[in-house]
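Report on the structure given below.
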Amino acid sequence: MQIVGFSELSCTPLYPRYLEFRNDVFNQLLKYHHTGNPVFQFTAFDASERLGTPYGVEYDQYDIPKTLHLAFVDAHGPLRKTPRSAADRDGAILGCLRFLPTDGPYMIRDAVSSGTWENVELLVDDLPGSPAIYEASRIAVSPRVKDAARRKAIVDSLVYANVEIGVRLGVERMIGIMYDRVWNSVYRERGVPIRYLSKPFRVDDGPPIIIGEIDTSAVTLAGLAGRYSREIEAGLIVPAAIESATWMMHFYHVNRSMPSLPPAWETRAPSRPGIREAVGG
């Protein structure tokens, strides 16, 4: 397996496959394109239903050049230790995750400020609007994965990648929105601290959801590295593979300075105190 990171500008064949995967999960399974779901108003199109053309992708206005996407790829055959490009990683996409800096439009703040989500009672003065804080969204595992242990392993990798990417970006916080039970089962039970930024609220007739803040600090990453030391040693959990060009394009579109690129930036975190140990070398 491999966690692969890319943007829409990365010229990788993974991107359309990733959007098709999101359609399978969020539209076909979770019905995000129906009323009563938290992101219904922010799905730009589900072409198979709205346009009558079976494109079969899930896409919205937050899929932009500065958005970072992660795909959990179940590769066929051995992976190259140093793939030439994201296109070298073939296989089924079994999981995904999306990151967007909050220095511009992003889903949670837009939904609250526009009144799309009504009766939201924040526990903070305001939602973030900074390039040093990102929104994490669209975390999912393929419905084709039926084995509970396999699904857990994929979520383990995605949560590790979520925190590890935060450390590599130099951000210590990300915000997201989930049901309370999902916050607990995905993050808290894996040792990732969560701080709620809102009280529970409903969208249409859906179940209560909560805006929360994910700790993506080096301390949290070190804790995860200890928790998953065997999996990391066995190569079952690895840092996300992101090409240097993708990082450079990302920071070009984000209103902040780009960290200096260390050797092998694609697969390792920047050399900062405490981070080298956290990612296992």
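Computation of the quantities below employed the complete heavy-atom set of this structure, encompassing side-chain atoms and omitting hydrogens, waters and symmetry-equivalent molecules.
- Between Tyr134 and His250, a ring centre-to-centre spacing shorter than 6.0 Å is recorded.
- The side-chain tip of Arg188 points at the ring of Tyr196 from less than 6.0 angstrom away and within 45° of straight on.
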Exercise. Tyr187 and Asn162: side chain to side chain donor-acceptor pair (under 3.5 Å), yes or no, with the steps?
Worked result: CA-CA 10 Å; Tyr187 288 99; Asn162 190 163; 2.6 Å; yes
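- With hydrogens and angles left out, the side-chain atoms of Ser114 and Thr116 include a donor and acceptor closer than 3.5 Å.
- Put simply, the side chain of Leu19 does not reach to within 4.5 Å of the side chain of Asn23, judged on heavy atoms.
- For the pair Leu127 and Ile108, the minimum side-chain heavy-atom distance is below 4.5 Å.
- Aromatic ring pairs are classed by plane angle as parallel below 30°, tilted from 30° to 60° and perpendicular above 60°; the pair Tyr15 and Phe6 is perpendicular.
- Side-chain heavy atoms closer than 4.5 Å link hydrophobic residues (I, L, V, M, F, W, Y) into clusters, and following such links, possibly through other members, connects Leu122 to Tyr106.
- Tracing side-chain contacts under 4.5 Å through hydrophobic residues (I, L, V, M, F, W, Y), one never reaches Leu236 starting from Leu97; they form parts of separate clusters.
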Problem set entry | Steps toward side chain to side chain contact (heavy atoms under 4.5 Å, CB included) verdict (Trp183, Ile210) | CA-CA 9 Å; Trp183 278 121; Ile210 306 175; 4.1 Å; yes
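- Arg144 has no carboxylate O lying under 4.0 Å from a charged side-chain N of Asp74, or vice versa, which leaves the two without a salt bridge.
- Side-chain atoms of Arg22 and Asp63, non-hydrogen and from C-beta on, do get closer than 4.5 Å to each other.
- Proximity of Val120 to Ile211: side-chain heavy atoms (C-beta onward) are separated by under 4.5 Å at one or more points.
- Clustering ILVMFWY residues whenever any of their side-chain heavy atoms sit less than 4.5 angstrom apart, transitively, puts Leu123 in the very cluster that holds Phe201.
- Within the 4.5 Å cutoff, the side chain of Ser229 has no heavy atoms near those of the Ile232 side chain.
- Glu231 CD: more than 12 foreign heavy atoms inside a 6.0 Å radius.
- Looking only at side-chain heavy atoms (C-beta outward), Val4 and Leu70 stay at 4.5 Å or farther from each other.
- At least one side-chain heavy atom of Met107 sits less than 4.5 Å from a side-chain heavy atom of Ile177.
- Salt-bridge formation is detected for the pair Asp60/Arg138: a Lys NZ or Arg NE/NH1/NH2 atom is positioned less than 4.0 Å from an Asp or Glu carboxylate oxygen.
- Of the residues listed (Pro128, Ser130, Pro131), the one engaging Asp103 in a side chain to side chain contact (heavy atoms under 4.5 Å, CB included) is Pro131, and it is the only one.
- The pair Asp147-Arg151 does not count as a salt bridge, with every side-chain nitrogen at least 4.0 angstrom from each carboxylate oxygen.
- Arg190 contributes a side-chain N or O that, together with a main-chain N or O of Val186, makes up a donor-acceptor pair within less than 3.5 Å.
- Look at Arg109 and Glu135 and you find no salt bridge, because none of the NZ, NE, NH1 or NH2 atoms lies under 4.0 Å from a carboxylate O.
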